[in-house]
Amino acid sequence: MNLIIYFCILLSFSNSLLAKDSQRLPQIHRPKKDSAWLPLTYLANGTFDVIQNPYWFSQRNYGNKVGVFWDRVKDPHHNIKKDGGYRKLIEDEFFSSRVLPNIGLHAIGGAYDTLWLRQYFEYYNVPAAGFFSFLFTYGAHVGNEALETTSDEITSHDHIADIYIFDVAAFLMSYSPTIMNYLVKDLDMKAWHFNPVYDLNHDDFFNAGLNYIFRPKALSFGNNKFRPLYFLGMQTMLGLSYDYSRENTLTTAAGMSLTNPLKQKGRFVGAFFHEYQGELEASLFLNGSEDFRYRLNLYDTFFYRFMNANQSKSYQVGLVLGEKKGSDYAFGININLPIGIGAISD
């Protein structure tokens, strides 16, 4: 009951902010380009984000993990004391390397996605758009936290800090024109989330994940044709984007794919991205997450270019091809569905 009252107060406060400043917020939702299944696709991407690290996390026995997660967060004070106390929570979640994903993924990424989904629901005239945007973003993060209970090294402190502090901060930040305009306009923040695929062969998901990029406009050079890029997710990379024509952009990046999220350790990963008219149409990761030797994602923007424009408007097409380190091959396709269907060979 306390949780319900707590979140009702937050929603009431945010609605008063929205009524005052909604016209000043940047437009993130793209009515003619975003899939009608956006909230469900986002929910799958967010829930299964951590499965990109198979060394720490597993999606098996998901129902049991939800129960473990709930036991850890339903009484925050009791569990904080049991797992070391408030001082340890503050030291671990605010003054260690853990604060980086807390701020970057939960707060900043969550704020972007919350605004994106709120504008989506407003476009479709869904009542209480703020409530539903919160429901989906928060639900995705809660689902992800449940999967994190796989690891014995993650305690209640991680979950409590994320869902009670950083995820709530994200929700409130999404209503701030100052913050959101800085992220979207000055830092050129965008979401480059994956195409989640349900694996018919193993009865689970692959190719799910939340990814964000930043290309600060102030750092552009070469008549603004070259732009440095920061890629944030379970794979963290630095790169360079080159606008080789008015409509086409090629980006190359390299960095680390996390294998130990608490110590920020991982392996080298490289990637190439191609955009058309400012929209991501293809990504290729080498030695990346989920133990893929390579993974190619083709988005609907790519297929639009090779289909009749009038016909392609009726289709949302996505394709993923990859090979795992055990020489297992992955294939997935999505046509007008919230998630793709595919398989990883044995």
Side-chain angles (χ1 to χ4, degrees), residues 1-8 10-11 37-84 89 92-93 98 101-102 105-107 109-110 113-114 117 131-171 193-194 196-200 202-210 233-234 258 260-262 289-290 338-340:
M1 181 59 68
N2 289 335
L3 287 176
I4 295 174
I5 294 173
Y6 174 58
F7 291 126
C8 285
L10 283 174
L11 287 169
W37 295 106
L38 175 63
L40 295 179
T41 303
Y42 173 80
L43 190 62
N45 267 322
T47 297
F48 297 100
D49 182 48
V50 292
I51 66 169
Q52 294 184 71
N53 183 352
Y55 301 100
W56 270 55
F57 307 112
S58 167
Q59 54 191 305
R60 298 297 181 186
N61 302 315
Y62 182 74
N64 293 337
K65 290 170 182 172
V66 171
V68 173
F69 165 77
W70 176 243
D71 288 339
R72 291 181 178 181
V73 301
K74 65 182 179 182
D75 188 345
H77 175 71
H78 170 75
N79 283 293
I80 289 172
K81 298 292 287 184
K82 183 186 72 172
D83 287 333
L89 181 145
D92 288 347
E93 303 301 328
R98 303 185 196 187
N102 289 347
L105 297 175
H106 283 271
D113 293 332
T114 300
L117 287 170
F131 169 77
F132 282 104
S133 68
F134 176 78
L135 183 67
F136 276 90
T137 53
Y138 204 76
H141 288 179
V142 165
N144 195 62
E145 292 293 322
L147 289 178
E148 289 185 357
T149 64
T150 304
S151 172
D152 294 334
E153 294 194 43
I154 292 180
T155 69
S156 67
H157 288 185
D158 179 86
H159 311 308
I160 291 168
D162 287 342
I163 71 163
Y164 286 106
I165 300 174
F166 293 102
D167 288 340
V168 171
F171 180 67
H193 302 333
F194 283 137
V197 177
Y198 181 72
D199 184 353
L200 296 172
H202 298 91
D203 194 27
D204 56 19
F205 287 85
F206 69 92
N207 198 54
L210 301 178
M234 291 292 285
L258 289 173
N260 187 324
L262 297 187
S289 61
E290 290 190 77
I339 61 173

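Quick caveat, the model's predicted, so the values are computed rather than measured. These values consider heavy atoms only, across backbone and side chains, with no hydrogens, waters or symmetry-generated copies.
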Task: side-chain contact (heavy atoms from CB on, under 4.5 Å) partner of Tyr164, chosen from Val168, Asp167, Ile160 - done: Ile160

TODO: Report the C-alpha distance between His202 and Arg60 in whole Å, list the side-chain angles of each, state the deciding distance to 0.1 Å, and finish with yes or no for side-chain contact (heavy atoms from CB on, under 4.5 Å).
DONE: CA-CA 11 Å; His202 298 91; Arg60 298 297 181 186; 4.1 Å; yes

Task: Student check: side-chain heavy atoms of Glu145 and His106 closer than 4.5 Å - done: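 Yes; the side chains approach each other to less than 4.5 Å.
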
Task: Heavy-atom side-chain contact between Thr149 and Ile154 under 4.5 Å - done: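 They are not in side-chain contact.
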
If you measure from [atom1] on [X] to [atom2] on [Y], what distance do you get to the nearest 0.5 Å?
X	Y	atom1	atom2	answer
Asn207	Phe48	CG	CZ	13.0 Å
Asp83	His78	CG	NE2	8.5 Å
Asp158	Glu153	CG	CD	12.0 Å
His157	Asp92	NE2	CG	7.5 Å
Tyr62	Phe69	OH	CZ	9.0 Å
Phe194	Glu290	CZ	CD	7.5 Å

Open item on the list: Classify the ring geometry of Tyr42 against His141: parallel below 30°, tilted from 30° to 60°, perpendicular beyond 60°.
Closed with: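 If you compare the ring of Tyr42 with that of His141, the planes turn out tilted.
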
Give the minimum heavy-atom separation between [X] and [Y], together with the two atoms involved.
X	Y	answer
Ala170	Gly110	CB-C, 3.6 Å
Thr114	Ser133	O-CB, 3.6 Å
Trp56	Asn260	CZ2-OD1, 3.3 Å
Phe136	Leu117	CB-CD1, 3.9 Å
Leu210	Gln52	N-NE2, 4.5 Å
Ile51	Phe205	CD1-O, 3.3 Å

Task: Donor + acceptor pair across side chains of His159, Asn79 (<3.5 Å) - done: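 The answer is no; no qualifying pair exists.
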
Task: Side chains of Asn45 and His193, donor plus acceptor under 3.5 Å - done: no

Open item on the list: Treating Tyr55 as the side-chain partner and Leu258 as the backbone partner, does any N or O pair qualify as donor plus acceptor under 3.5 Å?
Closed with: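 Looks like no, no N/O pair under 3.5 Å.
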
